[in-house]
Participant: 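My questions all concern the structure below.
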Amino acid sequence: MTDWKAEAERLDKADPLARYRGDFLLDDDLAYLDGNSLGALPRATPARIEGVVQEEWGKGLISSWNTANWIDLPQRVGAKIAPLVGAHENEIVVADSVSVNLFKLISAALSMRDGRKVVLSEPGNFPTDLYMIDGLEGQGLAQRRLAERDGIEAALDNDVALLLLTHVHYKSGEMFDMARLTKAAHDAGALVLWDLSHSVGAVPVDLNGAGADFAVGCGYKYLNGGPGAPGFAFVAQRHHDGLQQPLSGWMGHAKPFEFSDDYRPAPGVDQLLCGTPPILSMSALEVGVDLMTGIGIDALVKKSRQLSEFTRAAMAQALPELPCISPDEPERRGSQLSFRHDHAYELCQALIARKVIGDFRAPDILRLGFAPAYVRFADCWRAVSELRDILESGEWQKAEYAERAPVT
Ligand SMILES: *Cc1c(COP(=O)(O)O)cnc(C)c1O
């Protein structure tokens with residue numbers, strides 16, 4: 001038997017990213033393995049928000065749109081996200097939620113593929129991705145088609161306008177081969193939209209290397225932007241001229257302060273802005289993004305793989321009764337591991353009571369996420385050893401652990 005506790009200590013000592021944990025407000029005794037749902041609070045965020053509120057808003061008032069560069073914030077933060085996903089600075093803008101950005105980009109793709117209506121995705125994709133297709137179908141603009149992972153390429157026929165996939169699956173952690181599927185879609189005359197919500201800041205993403213057309217991503221997971229942080233949208237440069245999206249709000253106008261009666265879209269991704277950007281949330285997101293780009297995506301990916309590999313191996317040895325449904329090879333999965341158990345909900349609650357935070361995904365998945373900027377190997381070992389203890393002692397059977405809260 002490997003001494004996993006000693007191995008965790010050794011890995012933490014050798015970890016070049018260990019010093020970044022102090023950049024987050026996390027209790028020392030907290031094993032936070034849910035940064036893939038809500039990233040931790042950067043230590044610099046409260047002061048930044050305080051400054052935006054007291055100085056920029058309180059004192060600068062409306063002049064801060066110019067003097068504090070509020071008006072450029074969506075593009076500025078977008079440009080900072082670009083190197084994390086293999087995009088050019090002018091190909092990304094921060095705006096709205098992932099769901100709303102999906103609506104804009106699915107619509108844009110459909111308008112570029114005259115005569116084709118099918119949006120192809122997979123069953124079990126993150127619900128909002130499927131629901132946004134449904135909304136467009138309800139308006140007669142799209143037709144939803146679902147194909148299992150191994151049947152996606154076969155389902156790409158002449159009717160498919162857009163392939164919409166989530167790069168890293170939220171439940172299983174399985175990662176698609178972005179380059180291969182993008183090429184398959186293009187070969188069939190379709191465009192591709194990647195949802196990077198579980199990818200950005202944790203796994204290698206090369207949108208331009210893969211030839212991707214569109215992408216969206218989440219600000220409050222590995223980017224640590226805070227609850228409900230705005231998302232981002234990517235449009236490949238070659239599509240900037242033909243871009244057309246239906247949420248034609250005034251902030252996406254070429255000259256919003258001309259107050260013209262007629263909509264004229266701004267060039268490039270600026271057109272994806274709809275209403276006034278939420279400056280407080282975007283400022284918080286900028287702090288989180290700065291932290292991630294400061295560490296660098298290569299170092300983040302390397303540690304993410306080490307963390308998940310350590311946990312997979314330790315779990316397999318210590319708790320073989322909890323099968324891992326994520327791929328074995330670190331290159332084929334995101335920064336998470338998912339384990340199946342009939343009482344996954346109760347196990348998760350019992351873990352939380354011991355200050356090990358993972359999460360539960362219905363009906364039977366216990367999910368552990370490894371945000372590489374602040375998770376320690378010791379946290380991973382604690383998850384394994386506490387789980388073993390909770391199972392062996394039967395503690396998970398306490399009635400209080402079976403009560404379901406509104407958010408799981
Ligand atoms: C978290 C997540 C979202 C979030 O969408 P919002 O509209 O920002 O709530 C979307 N897609 C995927 C795949 C996600 O994991």
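Indexing begins at 1, ligand by ligand and atom by atom, following the structure's order. Starting from 1, each residue takes its place in the sequence as its number.
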Participant: Cut-off 3.5 Å, side chains only: do Arg367 and Ser37 have a donor facing an acceptor?
Facilitator: yes
Participant: Among all protein heavy atoms, pick out the one at the shortest distance from atom 7 (O) of ligand 1; state its residue, atom name and that distance to 0.1 Å.
Facilitator: Ser99 OG, 2.5 Å
Participant: State whether the number of non-hydrogen atoms from other residues, nucleotides or ligands found under 6.0 Å of Tyr131 atom OH is greater than 12.
Facilitator: no
Participant: What atoms in ligand 1 come closer than 4.0 Å to a heavy atom of Asp129?
Facilitator: 11 (N), 13 (C)
Participant: Scan side-chain atoms only and decide if Asn208 and Glu91 contain a donor-acceptor pair under the 3.5 Å cut-off.
Facilitator: yes
Participant: Where's the contact between Ser197 and ligand 1, heavy-atom distance under 4.0 Å: side chain, backbone, both or neither?
Facilitator: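 Under 4.0 Å from ligand 1, Ser197 contributes side-chain atoms alone.
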Participant: Just distances here: any N/O of Phe126 and N/O of ligand 1 closer than 3.5 Å?
Facilitator: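 Min N/O separation from ligand 1 is not below 3.5 Å for Phe126.
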Participant: In ligand 1, which numbered atoms sit nearer than 4.0 Å to a non-hydrogen atom of Thr128?
Facilitator: 10 (C)
Participant: Measure up the His239 and Phe214 rings against each other and bin them: parallel (under 30°), tilted (30 to 60°), perpendicular (over 60°).
Facilitator: parallel
Participant: Among all protein heavy atoms in this structure, tell me which lies nearest to atom 8 (O) of ligand 1, with the distance rounded to 0.1 Å.
Facilitator: Val98 N, 3.2 Å
Participant: Can you confirm, on distance only, whether ligand 1 has an N/O atom lying under 3.5 Å from any N/O atom belonging to His198?
Facilitator: yes
Participant: Side-chain donor-acceptor pair under 3.5 Å between Ser99 and Thr128, yes or no?
Facilitator: yes
Participant: Can you tell me if His240 and Asn90 form a side-chain donor-acceptor pair at under 3.5 Å?
Facilitator: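 No, no side-chain donor-acceptor pair sits under 3.5 Å.
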Participant: Any chance CD of Gln244 has more than 12 other-residue heavy atoms, nucleotides or ligands included, within less than 6.0 Å?
Facilitator: no
Participant: Determine, considering heavy atoms only, which of Val216, Thr166, Asp195 sits nearest to atom 12 (C) of ligand 1.
Facilitator: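 Comparing heavy atoms across Val216, Thr166, Asp195, the nearest one to atom 12 (C) of ligand 1 lies in Asp195.
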Participant: Within the structure, does Lys221 bring an N/O atom to less than 3.5 angstrom of an N/O atom in ligand 1?
Facilitator: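 Yes: some nitrogen or oxygen of Lys221 is under 3.5 Å from one in ligand 1.
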Participant: Can you confirm whether more than 12 heavy atoms, excluding those of Glu89, are under 6.0 Å from its CD atom?
Facilitator: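 Count not over threshold, so no.
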Participant: Check ligand 1 against Tyr220 and write out every atom of the ligand that is under 4.0 Å from a heavy-atom position of the residue.
Facilitator: 1 (C), 4 (C), 5 (O), 6 (P), 8 (O), 9 (O)
Participant: Can you sort out which atoms of ligand 1 are near Ser97, meaning under 4.0 Å from one of its heavy atoms?
Facilitator: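 Result: 7 (O), 8 (O).
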